[in-house]
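Beneath this line is the structure, given in C-alpha cells, with notes to follow.
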There are 2 protein chains.
Amino acid sequence: MKQLIVKMGLAKTEIFTEDQNQIALFAKVFGHPARVAILQHLFKIDTCVCGDLVTEIKLAQPTISQHLKELKLLGLIKGNVEGTRVCYCIDSENWTTMKEVMFQFLNQDILEKQGCC
Amino acid sequence: MKQLIVKMGLAKTEIFTEDQNQIALFAKVFGHPARVAILQHLFKIDTCVCGDLVTEIKLAQPTISQHLKELKLLGLIKGNVEGTRVCYCIDSENWTTMKEVMFQFLNQDILEKQGCC
DNA sequence: ATTATTAATCGTAATATTGCAATGAAACAA
DNA sequence: TTGTTTCATTGCAATATTACGATTAATAAT
C-alpha cells in the first residue's frame, strides 16, 4: 500500500521545457480580460497612466491593483511613484522579448497532413 | 441591511469588450504548459497524433484528455475517431484566425512616452 | 463470446484565481 | 497637526483549474 504524495490543482511545471513554461506564463497573464484591457489602455494613451485605470475599467481599486501587480511581476509594465500617484507604462524592452517568444509559438508552420484530418 | 449577490472568483466578462474577452479566452488556453506541449507536438509531427500524447507528455491519460477537450472546445484542434483510437491535429483555419487576433494585440505600437517612464 | 486497447467521463481532492471590503502607508494640502 | 488623496496590502469568500483513480464505452483482436 503505497503512500503517494500527489500535488493537484497545480501545473507540473517540472515535466515541461523552459520554453513551454515561459510561453504558458506569458499567456496566462493575458488570460484575463481585465489585464488585456489594462494593457490596451496603456498602449492607447500617449503618456503614462496615473490612476485612470480604476475609472476606465469597472472593477474595484484593489482588484485593478492586483492585476497591475501581476503584470509588473512579469516585467511587462513599469510603475513610477509620483507623489501620491503611481504612473504605469509598458516596459517596451520586455514587451518585445515576450513578443518574440509568443510569435515563435504562434507562427509555427502547419505542415501538410497525410490522412485522417 | 442590503443583500448583495456578488460573483467572485469569476471574470466579469460583461464589462469588457468582445475583443478583450476573445483575446483572454485564446490566451487562457495557452496558459498551461501541457497544452503548449500538446500543440507543439501536433505541429512537429508530420501526421495526426493518435494517442502518442500520453507517452509523450508525462501526465495521466484523463489529464491529457481533459486538456485536449479544452483545445477542441476552442476549435484549435480537430479529433477524428479511427477505430479505438482518436487522431488529433491542428485546425489550421481556426489557428490562423486565432493568430490574427493575437497578433493584433501583441503587435500594438509603443508610442513615445512623455515624462515619467 | 471473451479479452485487450484506447480514450472519454465521473468523482473528488488540492490548489489557484478573482473580486472586494477594510485597512494601512505615504505624500500632499490646509 | 489634521485631513485628503492615492494606491498597496490583508483577509476572506466564491469559483475555477489541475490532476488522477475508477469507471465506462466503443472497437479490435483472439
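One interatomic measurement links the two molecules: CG of B:Asn80 to P of C:dA7, which rounds to 13 Å at whole-angstrom precision. Separating the CG atom of B:Leu25 from the C1' atom of D:dT17 is a distance of 15 Å, rounded to the nearest angstrom. Rounded to a whole Å, the NE2 atom of A:His32 is 18 Å from the P atom of C:dA16. Atom CG of B:Leu10 and atom C1' of D:dC12 are 17 Å apart (whole Å). Atom C1' of nucleotide D:dA29 and atom CD of B:Glu82 are separated by 18 Å, given to the nearest angstrom.
Here the side chain of A:Arg35 pairs a donor or acceptor atom with the backbone of A:Val29 at under 3.5 angstrom. Judged by distance alone, with hydrogens and angles left aside, the side-chain atoms of B:Glu100 form no donor-acceptor pair with the main-chain N or O of B:Thr97 at under 3.5 Å. B:Asn94 places a side-chain N or O within donor-acceptor distance of the main-chain N or O of B:Gly75, the cut-off being under 3.5 Å.
Atom NZ of B:Lys58 sits in a crowded spot, with more than 12 heavy atoms from other residues, nucleotides or ligands closer than 6.0 Å. For B:Glu18, the CD atom is loosely surrounded, since the number of other residues' heavy atoms within 6.0 Å does not exceed 12.
Here D:dA8 is the nucleotide among D:dA16, C:dA16, D:dA8 with the atom lying nearest to any side-chain atom of A:Tyr88.
For the 3.5 Å distance criterion, the side chains of B:Gln40 and A:Gln20 qualify, holding a donor opposite an acceptor.
A pairwise comparison of heavy atoms in B:Leu106 and A:Trp95 identifies O-NE1, 3.0 Å as the closest pair.
Toward the 5' end of DNA chain C, the nearer of the two residues A:Val81 and A:Gly31, judged by each one's closest nucleotide, is A:Gly31. In terms of position on DNA chain D, the residue among B:Thr84 and A:Thr84 whose nearest nucleotide sits closer to the 5' end is A:Thr84.
Checking the phosphate oxygens (OP1, OP2) of C:dC20, a side-chain nitrogen or oxygen of B:Lys12 falls inside 4.0 Å. Residue B:Arg85 has no polar side-chain atom (N or O) positioned under 4.0 Å from OP1 or OP2 of D:dA26. An OP1 or OP2 oxygen of C:dT17 is reached within less than 4.0 angstrom by no side-chain nitrogen or oxygen of B:Lys28.
Within residues 56-73 of chain A, the residues having any heavy atom closer than 4.0 Å to DNA chain D are, in order of number, A:Gln61, A:Pro62, A:Ser65, A:Lys69.
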